Amino acid sequence: MDRIELSNAQRYALYTVIYIVTVVGVFLMLPENTTVDQYYEVGKPWNYDAMIAPMDFPIYKSEERIAKERDSLHQFLVPFMMVDSVEMMAAINSLQVLSTEGTNDRAYRDLLLMVRKMYINGVVSTEDKEWFESIGITTVSVIMPDFSTNEVPVSKLKTVSQAYNRLYDALKDVGYDEETIKSLRVSRFVSINLKIDKVKTDEALKELEAMVLPTSGMVVEGEKIIDKGEIVTERKAQVLNSLRKISAEDNSEKETTWWTIGADIILLLMYYALLWGYLVLFRPKIFKSARETLFLMLASVMMLGLFSLVVVQLKYREYIVPMAMLPLVVRVFFDSRTALYVHIVTTLAASMFVDNPAEFIIIELIAGMVAVLSLKDINNRKQLLRAALIVFVTYMLTFISLRLSMGIDIESVDWWTTGTFLINAICLLLTYGVIFLVEKVFGFLSDVSLGELANVNNPLINQFANKCPGTFQHVLQVGNLAEHVATKVGANPLLVRAGAMYHDLGKMNNPMVFTENRAAGINPLEDLTLIESSDLIIRHVEDGVKIAKKNGLPFQIIEFILTHHGTSKTRFFYNQWVNEHPGEEPPKDKFTYKGPKPRTKETIILMMADSIEAASRSLKEYNKETIGKLVENIVTSQIMDGQFTDAPITFRDLQIAKESFKEYLLNIYHSRVAYPEINDGKGKTPMQLAKEINISFPRRFTKR
């Protein structure tokens with residue numbers, strides 16, 4: 001988006017649309033009731049003025065209390081059960097037949113009497129019996145085939161296993177031995193004959209639950225509900241909750257007024273106007289970039305969207321949302337002040353979603369500040385883990401301190417809320433993935449990516465070093481020099497170093513064309529004209545861009561390749577052409593790089609470092625005067641050539657840069673002390689003695 005040239009009118013129109021869409025988007029995410037209500041908790045002091053009842057209203061019981069009272073009435077329930085006579089009559093008929101014939105007719109007659117009594121009392125399923133006993137039911141109502149009902153105590157009901165055991169014991173009591181009882185196969189005559197009538201039982205249960213009243217008293221108009229500083233008890237909270245419920249019902253009957261909508265919109269307009277004002281006044285560079293401005297707005301809206309999903313839709317606690325992730329991500333790509341400002345505005349907007357906005361704002365602002373302080377940049381995952389741990393501790397300390405300052409005992413602190421802080425800290429670990437996603441979508445570069453790009457073990461860098469060893473040594477020195485200067489003038493040193501590593505990438509296509517890569521006595525330009533030679537030199541910029549795009553390098557790095565010569569000339573060939581063609585108009589375009597000129601402070605630093613490092617190799621003597629003159633001449637010539645007109649760099653920055661170049665080069669090329677040689681005591685050195693006895697030393701030992 002930044003690479004598309006926009007007029008001022010187009011830019012202002014685009015920014016207006018972004019601003020309006022941001023405010024409207026956040027407004028649509030707000031819950032239906034965005035009015036800031038009085039916040040209170042049981043066990044805490046009432047922090048507002050005395051509350052007087054504005055009307056008569058009932059005191060509603062809590063859902064928990066109503067559910068408890070209903071459960072307590074279940075023991076008085078009399079479930080309805082139906083007689084299932086199919087299997088029962090089949091068992092009795094079988095016994096009647098067996099009691100009149102067979103070898104154990106007497107035993108079957110006794111068993112028949114026992115089975116009839118068993119079925120009269122009733123056989124139920126194990127699940128039904130356990131349910132009766134669990135809620136304390138003592139009686140069931142059995143619906144007979146003639147639709148009459150009999151009340152049967154639950155104690156007389158037997159499960160299948162209980163009924164079988166009862167029949168077995170009864171047969172033993174009347175004198176039958178084990179063998180005879182086993183031969184009767186009693187279990188085939190035992191089955192369930194009473195089943196719950198769910199329809200009638202549910203109706204009876206509803207009638208019973210209807211006896212539980214939803215209210216427990218009344219409050220009359222003018223009655224004092226609670227005084228300022230008074231502790232909110234369970235009873236006081238019940239009264240306050242009832243008043244809130246009545247007020248909410250009254251508000252729901254009224255249509256949302258334009259005043260309410262307008263108030264919410266005005267608040268959001270003010271919040272984001274503060275952010276835009278900050279960008280305009282203090283970060284104009286960010287404001288001029290539509291891509292960066294859009295990212296900041298979108299990051300805020302997306303965090304609020306996540307907040308709305310978790311808090312409004314899913315009804316989870318607000319502190320589960322990792323709000324500190326926003327300043328962490330913004331800090332990686334921008335400065336700390338911008339990260340904090342975005343976090344403050346987003347936190348203010350998020351406070352419109354919660355019941356206790358004051359506490360929420362305090363906790364989240366402190367957590368965001370600590371997050372930015374704990375993570376200056378992200379070079380590895382350990383730093384992110386440390387930041388998440390520090391933010392978690394900050395959440396805990398801030399939350400507990402706020403509660404204790406309200407007069408709440410440490411035992412009464414809501415420890416479930418502190419558990420949400422742990423979930424929050426774990427979610428912060430996802431920041432690394434979010435940064436990677438932002439880089440891909442918006443084309444930003446984090447310190448992690450810059451470090452990877454500048455790594456000499458990078459495959460493309462390795463290939464470059466193998467093909468152009470001389471140039472590679474040059475770019476290493478340029479990188480060191482440019483990084484040193486960038487630190488001094490407040491530019492991005494990591495970005496400059498990464499750009500330096502790739503700025504001469506195009507020389508890979510024709511490495512021998514460039515002096516630093518040639519073997520002794522080889523010059524492929526000897527048979528070419530000056531214009532052809534210049535074209536080969538200039539072409540390394542275009543070749544570098546092609547190689548960079550093929551290997552997926554980001555456009556910020558490609559910018560260094562494009563601009564490191566700007567629109568300067570290949571001065572060696574241009575000057576030689578002028579000397580060989582006196583009086584003729586030189587074809588300047590044939591000797592001029594296509595540009596563009598440097599457009600950032602970092603690309604200007606690289607241009608200066610590239611020229612200064614290359615020129616410093618031709619100095620015959622390295623001292624303060626020669627190095628100072630070299631730096632001044634090169635920077636002055638680039639200024640006079642108009643290479644710095646498109647970039648935001650001041651004369652003060654240039655002065656600091658020149659002094660930094662001189663300082664660094666002097667440190668590299670400082671003079672070395674010659675080591676003294678040991679003589680033989682007669683004033684002769686080992687070298688002199690060797691010459692006298694005709695011993696020749698290798699050149700590496702004789703060269704000073």
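Model, not experiment: these values are computed from the prediction.
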Going from [atom1] on [X] to [atom2] on [Y], what distance comes out if it is rounded to the nearest 0.5 angstrom?
X	Y	atom1	atom2	answer
Gln383	Leu375	CD	CG	6.0 Å
Tyr272	Ile18	OH	CD1	13.0 Å
Leu304	Leu306	CG	CG	9.5 Å
Leu267	Leu348	CG	CG	9.5 Å
Tyr108	Thr100	OH	OG1	11.5 Å
Ser351	Ile361	OG	CD1	4.0 Å

Can you list everything that forms a salt bridge (charged side-chain N to carboxylate O under 4.0 Å, His left out) with Lys200? Sequence neighbours excluded, please.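 Checked Lys200 against salt bridge (charged side-chain N to carboxylate O under 4.0 Å, His left out); zero matches.
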Quick one: salt bridge (charged side-chain N to carboxylate O under 4.0 Å, His left out) partners of Glu230, sequence neighbours excluded?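 Glu230 satisfies salt bridge (charged side-chain N to carboxylate O under 4.0 Å, His left out) with Lys236 only.
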Can you list every pair that meets salt bridge (charged side-chain N to carboxylate O under 4.0 Å, His left out) and has a residue in residues 53-66, with sequence neighbours left out? Lys61-Glu69, Arg65-Glu69
What residue pairs, at least two apart or across chains, pass salt bridge (charged side-chain N to carboxylate O under 4.0 Å, His left out) with a residue in residues 164-193?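 The answer is Lys172-Glu178.
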Not counting sequence neighbours, which residues clear side chain to side chain donor-acceptor pair (under 3.5 Å) with [X]? List them please.
X	result
Asp128	Ser125
Asp110	Tyr176
Glu439	Ser446, Ser449
Thr417	Arg317, Asp414

Sequence neighbours excluded - side-chain hydrogen bond (donor to acceptor under 3.5 Å, both in side chains) pairs with any residue from residues 89-98: none
Sort and list the pairs that fulfil side-chain hydrogen bond (donor to acceptor under 3.5 Å, both in side chains) and have at least one residue in residues 71-91, not counting sequence neighbours. His74-Glu209, Asp84-Lys195, Glu87-Ser191
Can any side-chain N or O of [X] pair as donor or acceptor with the backbone N or O of [Y] at less than 3.5 Å?
X	Y	answer
Asn150	Val142	no
Ser148	Met144	no
Ser405	Leu402	yes
Ser308	Met29	yes
Asn241	Ala237	yes
Glu223	Val220	yes

Evaluate the side chain to side chain contact (heavy atoms under 4.5 Å, CB included) criterion for residues Phe333 and Ile435: first the C-alpha distance (whole Å), next the side-chain angles of each, then the deciding distance (0.1 Å), finally the verdict. CA-CA 9 Å; Phe333 302 110; Ile435 291 170; 3.6 Å; yes
Flag side-chain contact, heavy atom, 4.5 Å: [X] against [Y]:
X	Y	value
Leu98	Leu111	no
Phe189	Leu184	no
Val329	Phe295	yes
Val24	Phe27	no
Ile137	Val78	no

Heavy-atom closest contact ([X] atom, [Y] atom, distance):
X	Y	value
Ser374	Ala371	OG-O, 3.0 Å
Thr139	Val154	N-CG2, 3.6 Å
Leu157	Asn121	CD2-O, 3.2 Å
Phe353	Val311	O-CG1, 4.2 Å
Val391	Ala367	CG2-O, 4.3 Å
His343	Gly368	NE2-CA, 3.4 Å

Other residues, nucleotides, ligands: >12 heavy atoms within 6.0 Å of Met302 CE: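 It does not: Met302 CE has 12 such atoms or fewer within range.
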Could you list the donor-acceptor pairs under 3.5 angstrom formed by side chains in residues 318-325, with sequence neighbours left out?
from: Tyr319; atom 1: OH; to: Glu359; atom 2: OE1; distance (Å): 3.4

Run Met352 and Asp264 through side chain to side chain contact (heavy atoms under 4.5 Å, CB included) and show every step you take. CA-CA 9 Å; Met352 301 172 69; Asp264 291 338; 3.9 Å; yes
Parallel, tilted or perpendicular: which describes the rings of Tyr168 and Tyr164, with under 30° parallel and over 60° perpendicular? tilted
Ring pair (Phe, Tyr, Trp, His ring centres under 6.0 Å) between Phe392 and Phe421, worked out: CA-CA 6 Å; Phe392 169 69; Phe421 298 144; 7.4 Å; no
In this structure, is the centre-to-centre distance between the rings of Phe307 and Phe360 below 6.0 Å?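 Centroid distance Phe360-Phe307: below 6.0 Å, so yes.
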Under a 3.5 Å cutoff, is there a donor and acceptor pairing between the side chains of Tyr395 and Thr418?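 Judged by distance alone, the side chains do not pair up.
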Is it the case that the side chains of Ser216 and Gln238 hold a donor-acceptor pair, with the cut-off being a distance below 3.5 Å and no angle test?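 Note: Gln238 and Ser216 side chains meet the donor-acceptor criterion.
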Mind checking what makes side chain to side chain contact (heavy atoms under 4.5 Å, CB included) contact with Thr159, not counting sequence neighbours?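 Scan of Thr159 (side chain to side chain contact (heavy atoms under 4.5 Å, CB included), adjacent residues dropped) gives Thr126, Lys129, Ser161, Gln162.
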Run the side chain to side chain contact (heavy atoms under 4.5 Å, CB included) test on Met369 and Leu340 for me, step by step, so that the C-alpha distance in whole Å, both residues' side-chain angles and the decisive distance to 0.1 Å come before the verdict. CA-CA 7 Å; Met369 292 177 183; Leu340 285 176; 3.9 Å; yes
Whether Arg109 and Asp105 form a salt bridge (side-chain N of Lys/Arg under 4.0 Å from carboxylate O of Asp/Glu) is what I want to check. yes
